[in-house]
Amino acid sequence: MTGGQGRRLDRSFFARDVTVVARDLLGRVLLAHTADGDVAVRLTEVEAYAGQDDPASHAFRGPTVRNAVMFGSAGHLYTYFVYGMHWCANIVTGPDGDASAVLLRAGEVVAGEHIARARRPAITRPELLARGPAGLATVLGLRRDASGADLCGTVDRWQVLEGQLVTTDRVAAGPRVGVAAAAERPLRFWDIASPSVSVYRPGGRIRRCASGG
DNA sequence: CCGCCGATCCTCT
DNA sequence: GAGGATCGGCGGG
């Protein structure tokens with residue numbers, strides 16, 4: 001059973017500022033009803049991407065076919081394909097037209113662990129099943145067809161439940177993983193007590209000058 | 001345990 | 001035509 005995680009979060013939750021939503025998503029539960037059965041993940045690590053103001057955001061250079069969902073209303077999923085093999089998932093935030101989104105980076109599987117294991121057979125430790133954005137998307141079945149899905153509508157294939165918010169003393173903030181642009185902004189938030197949080201890696205274009213320069 | 005590297009293809013320039 | 005909001009296997013210490 002996947003009950004007991006509280007009410008479903010509504011659109012007003014997601015329509016707030018992206019950094020507020022990102023922080024507020026820690027401890028919430030993303031529940032997926034899939035053909036194989038239900039899988040639920042307690043979110044432990046997220047990153048805020050501040051729309052057209054953010055050089056690291058997919059929306060920075062304006063609307064395209066891929067990122068069109070980001071310019072729509074809050075509470076919708078935005079998924080994208082990277083490195084020729086992985087899917088990653090975001091939740092759109094802010095008012096309509098504000099192309100901000102929260103990247104879901106890691107979580108703990110709290111329901112449907114046998115399904116999650118089957119989807120990631122290489123992972124042996126259960127706490128690592130949803131570590132990393134691609135792993136999280138994989139266990140929840142988030143791929144191309146999930147992009148544009150409404151988390152707050154009448155179709156409840158994917159939805160976010162209240163769960164239990166991570167208390168402030170357990171939240172850390174820091175630079176985003178693998179992001180070179182705006183690396184000084186602390187837009188990554190994570191639960192310091194969770195073993196599922198992914199490993200920090202600086203952005204590829206950071207080239208700190210060797211001494212003498 | 002840590003760091004390197006290949007895989008693989010969609011997207012935008 | 002280049003590079004990317006990544007992952008996991010492999011080899012060395």
Side-chain angles (χ1 to χ4, degrees), chain A residues 14 18-19 21-23 25-26 30 41 43-72 76-94 98-109 116-148 172-191 194-208 210:
Chain A
F14 300 106
V18 64
T19 57
V21 176
R23 163 66 186 81
L25 276 171
L26 295 176
L30 180 44
V41 167
L43 299 173
T44 60
E45 181 191 0
V46 297
E47 285 175 355
Y49 285 85
Q52 294 189 86
D53 300 329
D54 182 353
S57 169
H58 286 181
F60 181 60
R61 298 184 188 281
T64 65
V65 172
R66 179 177 69 161
N67 68 20
V69 174
M70 299 180 79
F71 289 83
H76 288 75
L77 287 169
Y78 162 59
T79 62
Y80 66 93
F81 187 63
V82 281
Y83 297 112
M85 65 197 81
H86 299 303
W87 288 89
C88 298
N90 299 254
I91 301 176
V92 177
T93 67
D98 174 327
S100 299
V102 175
L103 173 68
L104 309 178
R105 283 203 56 91
E108 299 165 356
V109 175
R117 284 181 184 276
R119 292 177 177 170
R120 296 195 76 193
I123 306 300
T124 53
R125 297 166 61 189
E127 68 271 23
L128 303 185
L129 282 168
R131 181 173 71 165
L136 183 149
T138 297
V139 301
L140 289 169
L142 297 169
R143 298 161 61 89
R144 177 181 292 282
D145 69 319
S147 206
R176 294 172 291 189
V177 175
V179 170
E184 75 286 357
R185 297 195 204 175
L187 294 177
R188 175 182 180 229
F189 303 93
W190 68 95
D191 177 352
S194 176
S196 67
V197 173
S198 58
V199 178
Y200 179 71
R201 172 180 53 82
R205 287 186 194 172
I206 290 181
R207 291 292 182 270
R208 205 167 280 280

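On a predicted model such as this, the values are computed, not experimentally measured, just so you know. Residue numbers start from 1 in every chain, and the chains themselves are labelled A, B, ... in the order their sequence lines are given, proteins ahead of strands.
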task = To the nearest 0.5 angstrom, please state how far the OH atom of A:Tyr80 sits from the CG atom of A:Asn67.
result = 12.5 Å
note = Rounding to 0.5 Å, atoms CZ (A:Arg131) and CZ (A:Arg105) come to a distance of 10.5 Å
remark   = Its 5'-most and 3'-most nucleotides having an atom under 4.0 Å from a non-hydrogen atom of chain A, DNA chain B is contacted over B:dA7 to B:dT13
query = Does a side-chain heavy-atom distance below 4.5 Å link A:Glu47 with A:Pro133?
reply = no
message = Expressed as a whole number of angstroms, how long is the span from A:Ile123:CD1 to C:dG9:C1'?
response = 12 Å
message = If I take atom CZ in residue A:Arg119 and atom P in nucleotide C:dG8, what distance separates them, rounded to the nearest angstrom?
response = 16 Å
request  = Using a heavy-atom cut-off of under 4.0 Å over every strand shown, decide if A:Tyr83 touches base, sugar-phosphate, or nothing.
outcome  = base
ask   = What is the nucleic acid contact for A:Arg66, judged by heavy atoms within less than 4.0 Å: base, sugar-phosphate only, or nothing?
value = sugar-phosphate
note = Between CG of A:Leu129 and P of C:dG8 the distance, given in whole Å, is 10 Å
task = Send over the distance from A:Arg201 CZ to C:dG8 P, rounded to a whole Å.
result = 13 Å
task = Quickly work out the A:Arg120 CZ to C:dC7 P distance and round it to whole Å.
result = 7 Å
task = Would you mind reading off the distance between A:Arg125 atom CZ and C:dC7 atom C1', rounded to a whole angstrom?
result = 16 Å
inquiry  = Nearest 0.5 Å, please: how far is OG in A:Ser196 from CG in A:Leu129?
reply    = 10.5 Å
ask   = Looking at CZ of A:Arg120 and OG1 of A:Thr138, how far apart are the two atoms once the value is rounded to the nearest 0.5 Å?
value = 6.0 Å
request  = Show the numbers, then the answer: is there a side-chain contact (heavy atoms from CB on, under 4.5 Å) between A:Tyr49 and A:Thr93?
outcome  = CA-CA 10 Å; A:Tyr49 285 85; A:Thr93 67; over 6 Å; no
message = Can you pull out the residues from residues 47-64 of chain A that lie within a 4.0 Å heavy-atom distance of DNA chain B?
response = A:Arg61, A:Thr64
message = Between C1' on C:dT6 and CD on A:Glu45, what's the gap in Å once rounded to a whole number?
response = 13 Å
key: Separation of C:dG3 P from A:Met85 CE (nearest whole Å)   = 17 Å
note = Comparing nearest nucleotides in DNA chain B, the 5'-proximal residue of the pair A:Arg144, A:His86 is A:His86
key: CG-CG distance between A:Leu187 and A:Asp54, expressed to the nearest 0.5 angstrom   = 6.5 Å
task = Any chance you could measure A:Leu136, atom CG, to A:Glu108, atom CD, to the nearest 0.5 Å?
result = 11.0 Å
inquiry  = Tell me if a side-chain donor or acceptor on A:Arg188 pairs with a main-chain N or O of A:Gly174 at a distance below 3.5 Å.
reply    = no
key: Distance test, side-chain N/O of A:Arg131 to OP1/OP2 of C:dT6, below 4.0 Å   = no
request  = List the steps, then state whether side-chain contact (heavy atoms from CB on, under 4.5 Å) holds for A:Asn90 with A:Leu103.
outcome  = CA-CA 4 Å; A:Asn90 299 254; A:Leu103 173 68; 3.6 Å; yes
query = Does the side chain of A:Val179 reach to within under 4.5 Å of the side chain of A:Arg185, using non-hydrogen atoms?
reply = no
query = Which range-with-range stems can be found for DNA chain C when each stem has 3 or more Watson-Crick or G-U pairs in a row and both distances sit under 3.5 Å?
reply = B:1-7 with C:6-12, B:9-12 with C:1-4
ask   = Should the pair A:Phe81 and A:Trp87 be assigned to parallel (<30°), tilted (30 to 60°) or perpendicular (>60°) ring geometry?
value = tilted
